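Data block below; observations after.
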Amino acid sequence: MGEHLESLCIRVPKVYDWVKREVTQNRSFIPGQIDFPDSIDPICATYGPTAEVQAVLTDEEGNPIDLSDDDAINSVIEIAPFGKRRTRKIVLPDGEFVKLQEVRLSISGFYRVKLTNVTNFCNTTGVPPCVLSDDTYTWSTVQTFYLCAPEGTYPVVHLDNFDGIGNVLCSDDDEFEGVDLELFICLSVQMERDVKIEVEGSYCYPRPEILDKLGCGPVYNPPTCDDIFPGRHHHHHGHDHDHDDDHGGEYEFE
């Protein structure tokens, strides 16, 4: 606090535009297109059509990852005819016209299908509570956005949400017929460009490291009752101290 401020030139990404869009996709898998560990074979007899079906976001190797991970989105490719974005005149909700650039993006990533055993969760058949598909699948979408995207800006895409629900398809005689899955993908799309700006500030430095030291702790003494002990002793001079009613300094209670 109270440090001297000076003019600093820093480079930061400037956001020219930012939108969010939810994309819904339907996927159907037939036997042979999707497999699960042998421990739940036959699928319909062990899990059945009541199994909870979900989509789990993964990397290319099939390892589950978080939305915030760098590889949550595998690739973002801008599709621009002749290498240039088209400028379009767009009507705003209030009736005014504005010129925006057409940004067409191909976005993709990976996921696996997860089955959760609902009805037999605690049975003794050895059925695991949940399993992931053997294979990793690709989700991909091509979306067109109308954004403030002047020449020199680039798209930055993040996942705000990735989810999927579905159901296991079984015949009347418990034959596995496939999996239906609906994917819900929320895309956050920004148009950015690195710019240099001048700000007032001060340089920052690392704080002292807090080390977890093992050793002797501080000496702790329990609190005393100073009001009563040692207390304030009154010496009565000239009195006999060996009276029968001498209580040795104890307090009397009524």
Side-chain angles (χ1 to χ4, degrees), residues 1-23 54-78 103 105-112 114 116 128-132 136-141 143 145 147-164 183-232:
M1 297 299 292
E3 295 182 5
H4 172 69
L5 299 181
E6 58 183 291
S7 294
L8 303 175
C9 182
I10 63 174
R11 184 178 67 183
V12 296
K14 175 185 176 181
V15 179
Y16 283 75
D17 209 346
W18 181 19
V19 297
K20 291 187 179 184
R21 177 179 296 178
E22 181 179 294
V23 178
Q54 297 172 293
V56 176
L57 187 68
T58 70
D59 59 17
E60 189 173 3
E61 303 300 323
N63 302 306
I65 57 177
D66 294 327
L67 293 171
S68 58
D69 289 351
D70 292 337
D71 49 0
I73 292 180
N74 180 59
S75 69
V76 177
I77 301 174
E78 183 172 357
V103 181
L105 301 176
S106 174
I107 307 166
S108 64
F110 300 97
Y111 71 98
R112 292 169 71 182
K114 177 182 177 181
T116 300
C130 62
V131 292
L132 293 173
T136 301
Y137 303 97
T138 301
W139 62 266
S140 62
T141 182
Q143 299 289 320
F145 302 89
L147 305 168
C148 174
E151 186 177 353
T153 58
Y154 51 87
V156 176
V157 183
H158 299 285
L159 280 180
D160 266 17
N161 190 32
F162 183 89
D163 200 1
L183 296 176
F184 302 94
I185 306 165
C186 183
L187 301 171
S188 174
V189 180
Q190 297 174 198
M191 297 305 299
E192 298 183 2
R193 178 174 179 167
D194 290 344
V195 298
K196 299 178 179 68
I197 62 174
E198 182 180 359
V199 297
E200 281 195 347
S202 60
Y203 292 102
C204 50
Y205 301 93
R207 62 166 177 81
E209 187 176 6
I210 300 174
L211 299 178
D212 185 11
K213 294 182 179 180
L214 298 177
C216 299
V219 176
Y220 172 75
N221 292 317
T224 59
C225 303
D226 292 331
D227 290 341
I228 59 173
F229 185 86
R232 298 178 179 178

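Computation of the quantities below employed the complete heavy-atom set of this structure, encompassing side-chain atoms and omitting hydrogens, waters and symmetry-equivalent molecules. Keep in mind it's a predicted model, so treat the numbers as computed, not measured.
Taking each heavy atom of Met191 and Cys148 in turn, the nearest pair found is CB-O, 3.8 Å. Nearest heavy atom pair, residue Pro13 against residue Glu192, reads CB-OE1, 3.4 Å.
Interatomic distance, Tyr137 OH to Phe110 CZ, rounded to the nearest 0.5 Å: 13.5 Å. Taken from CD1 in Ile10 to CD1 in Ile197, the straight-line distance is 4.5 Å, to the nearest 0.5 Å. Here the CD1-OH distance, from Ile65 to Tyr111, works out to 14.0 Å after rounding to the nearest 0.5 Å. Residue Asp160 holds its CG atom at 4.5 Å from SG of Cys186, rounded to the nearest 0.5 Å. With values rounded to the nearest 0.5 angstrom, Lys14 atom NZ is found 10.0 Å from Arg193 atom CZ. To the nearest 0.5 angstrom, Leu105 atom CG is 9.0 Å from Leu187 atom CG.
Considering only heavy atoms from C-beta on, Leu147 comes within 4.5 Å of Val189 through its side chain. Counting heavy atoms from C-beta outward, Tyr203 and Leu8 have side chains that approach closer than 4.5 Å.
A donor-acceptor distance shorter than 3.5 angstrom exists from the side chain of Asp59 to the backbone of Gly62, with no hydrogens or angles considered. Under the 3.5 Å distance criterion, the side-chain polar atoms of Asp66 are left unmatched by any main-chain donor or acceptor of Ser68.
Of the options Asn63, Thr58, Val131, a side-chain contact (heavy atoms from CB on, under 4.5 Å) to Arg112 is made by Thr58 and by none of the others.
The environment of Glu22 atom CD is dense: over 12 non-hydrogen atoms of other residues, nucleotides or ligands sit within 6.0 angstrom.
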